[in-house]
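See below for the structure under consideration.
As a basis for the values below, the full set of heavy atoms in this structure was taken, side chains included, without hydrogen atoms, waters or symmetry mates. Quick caveat: nothing in here was measured; it's all calculated off a predicted structure. Every chain is numbered from 1, with letters handed out A, B, ... down the list of sequences.
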There are 2 protein chains.
Amino acid sequence: MAPSTAHDGPLGLRERKKARTRDALVDAALRRFTEHGFAATTTEEIAADVEVSQRTFFRYFASKEDAVLAVQEHIEEKFLAKLAARPLEEPPIEALSNALRDTWAELDERTTQTQLLVLRLLEDCPPLLAAHLRRLSEHQDRLVELIARRTGVDPATDLRPRLVAAAFGSVSHVAHVVCHQRGCRGAADLRSTIGECLDELVPALTEPWGTAGPAAPAAD
Amino acid sequence: MAPSTAHDGPLGLRERKKARTRDALVDAALRRFTEHGFAATTTEEIAADVEVSQRTFFRYFASKEDAVLAVQEHIEEKFLAKLAARPLEEPPIEALSNALRDTWAELDERTTQTQLLVLRLLEDCPPLLAAHLRRLSEHQDRLVELIARRTGVDPATDLRPRLVAAAFGSVSHVAHVVCHQRGCRGAADLRSTIGECLDELVPALTEPWGTAGPAAPAAD
DNA sequence: CCCATCATGTCAGTGACTGACAAATGGCAA
DNA sequence: TTGCCATTTGTCAGTCACTGACATGATGGG
């Protein structure tokens, strides 16, 4: 359940305390939101759980939503690193897809559980979804830059980096929604759903649809 | 500049007054947001411009953001209608692309200008963007239903309607961003940018990228 | 051991948004 | 026209997210 914001390194006492407070706030927010709902929870309650003032809560997070969404930073950073590590010969969409698979391949079960929990929250809480989508769009802007650099095209004149980043981003969002809809429970479920979505995108766009199902029908 | 919420039909005096008030509120919001910025404008000021109370403002719009985003309803409805009118033989992504072209093809210059203005607001105002993205995601859910029905597949088991709707949605959003970036001025600019984005999506995903630019290089 | 730095608490204030009630206004029928 | 009902609106009070300013206390370096 805890956020696990990898804080190793030689940090001062001060820094470690801050990290602990932050983690505790995320934890408390997650718990209260799941138990009583996002709307029914006040930032003061979250702060009280951790025994800090509301003002302190807002020094750690810019908004109530951010306390939950913070758990995604970790994954986003990892993803960018994985992408940078993919061989340059891979076509952009392949590199992105593989980077995403690489990312989820090495997340531990607890992190995955937290993610699934957040996805559930997103689904039945519009303001949370809105904040999440905005984050995603900022993440996509960074993706555009990386893709442009990796392929050597100019994102100001060439639309393709934007298009691929956007398509990819929306597919990974679909994967999340589908995970929630299917009631995925563990890392394995999540990974296979993500894999399916990535695999089916291009065929869905380019191949005729037999009504019987996609090229690789679900084994049921 | 005015919203132009096509209100013809045999409406009572009451309904017409409501429509006028609503339009006036959208109008005032748009004006104040562009002149002083979204954050620096209060809902009370908007209400005062139209000479109604703040409470009335919130009876028309669920949030400050909604007053701007309301101008998109019109287009979304039109788009859904255009999609329904596309021949069933068209593959889904083609039908969506053509429906979007059809939609923008018959919007008048004033509506287009309003849209461009809204796009500009979205770009430099995160909360507005967040609300917009949330709207888009709801719109996409409706798209999924329509696509599934039109192709006869079950959206609960087949991922393709979701994938195509998501990819399409993200591409049209890219088109908007690019329009803003390029400083598109009129309906013609907007239409050609949208066309470009739609045309380049599949090639960007399936064809190798020459660094010289896409299949149809910018004339520059 | 002292001092500069930084995290925190307190307080007051703004502004989005809501429920409840009362007043006014449009629509309709007698 | 008049009277009645439904709907719209204004007012008021309240909640809650979020912020700036200032005071206090802890930390870590010298």
Just checking Ser53(B): base, sugar-phosphate only, or nothing, at a heavy-atom cut-off of under 4.0 Å?
base
| query | Angle class for the His176(B)/Trp104(B) ring planes (parallel below 30°, perpendicular above 60°, tilted otherwise)? | reply | perpendicular
Side-chain contact check for Thr43(B): nearest option of dC18(D), dA16(C), dG27(C) is dA16(C)
When Leu117(A), Leu69(A), Val177(A) are each screened for side chain to side chain contact (heavy atoms under 4.5 Å, CB included) with Leu122(A), the one that passes is Leu69(A)
- Task: Check every strand shown and say whether Lys17(A) touches a base, only sugar-phosphate, or nothing at a heavy-atom separation below 4.0 Å.
- Result: nothing
From CZ of Phe58(B) across to P of dT9(D) the rounded distance in Å is 15 Å
Between CD of Glu65(B) and P of dG15(C) the distance, given in whole Å, is 15 Å
Side-chain donor/acceptor of Arg55(A) to base of dT8(C), under 3.5 Å: no
Discussion item. Contact between Pro92(A) and Arg150(A) at the side-chain level, heavy atoms closer than 4.5 Å - yes or no?
Written reply: no
Taking dC17(C), dG28(D), dC18(D) as options, the one with an atom nearest any side-chain atom of Lys64(A) is dC18(D)
- prompt: Just checking Glu45(A): base, sugar-phosphate only, or nothing, at a heavy-atom cut-off of under 4.0 Å?
  reply: nothing
Quick one: does Thr157(A)'s side chain get under 4.5 Å of Asp154(A)'s, heavy atoms only? yes
Rounded to whole Å, the CZ-C1' distance (Phe57(A) to dT10(C)) equals 18 Å
Original post:
How is Phe61(A) classified with respect to the nucleic acid when contacts are heavy atoms under 4.0 Å: base, sugar-phosphate, or nothing?
Top reply: nothing
Rounded to whole Å, the CZ-C1' distance (Arg20(A) to dT8(C)) equals 15 Å
note: Arg59(A), atom CZ; dT10(C), atom P; distance rounded to Å ~ 11 Å
From the list Leu146(A), Leu143(A), Val153(A), side chain to side chain contact (heavy atoms under 4.5 Å, CB included) with Pro161(A) holds only for Val153(A)
Rounded to whole Å, CD of Glu15(B) lies from P of dT9(D) at a distance of 11 Å
Arg16(B) atom CZ is separated from dT8(D) atom P, nearest whole Å, by 15 Å
Rounded to whole Å, the CZ-P distance (Arg32(A) to dA17(D)) equals 12 Å
Taking for Lys18(B) and for Glu44(A) the nucleotide of DNA chain D with the nearest heavy atom, the one nearer the 5' end belongs to Lys18(B)
Assert: residue with more 5' nearest nucleotide on DNA chain C, out of Thr41(B) and Tyr60(A), is Tyr60(A)
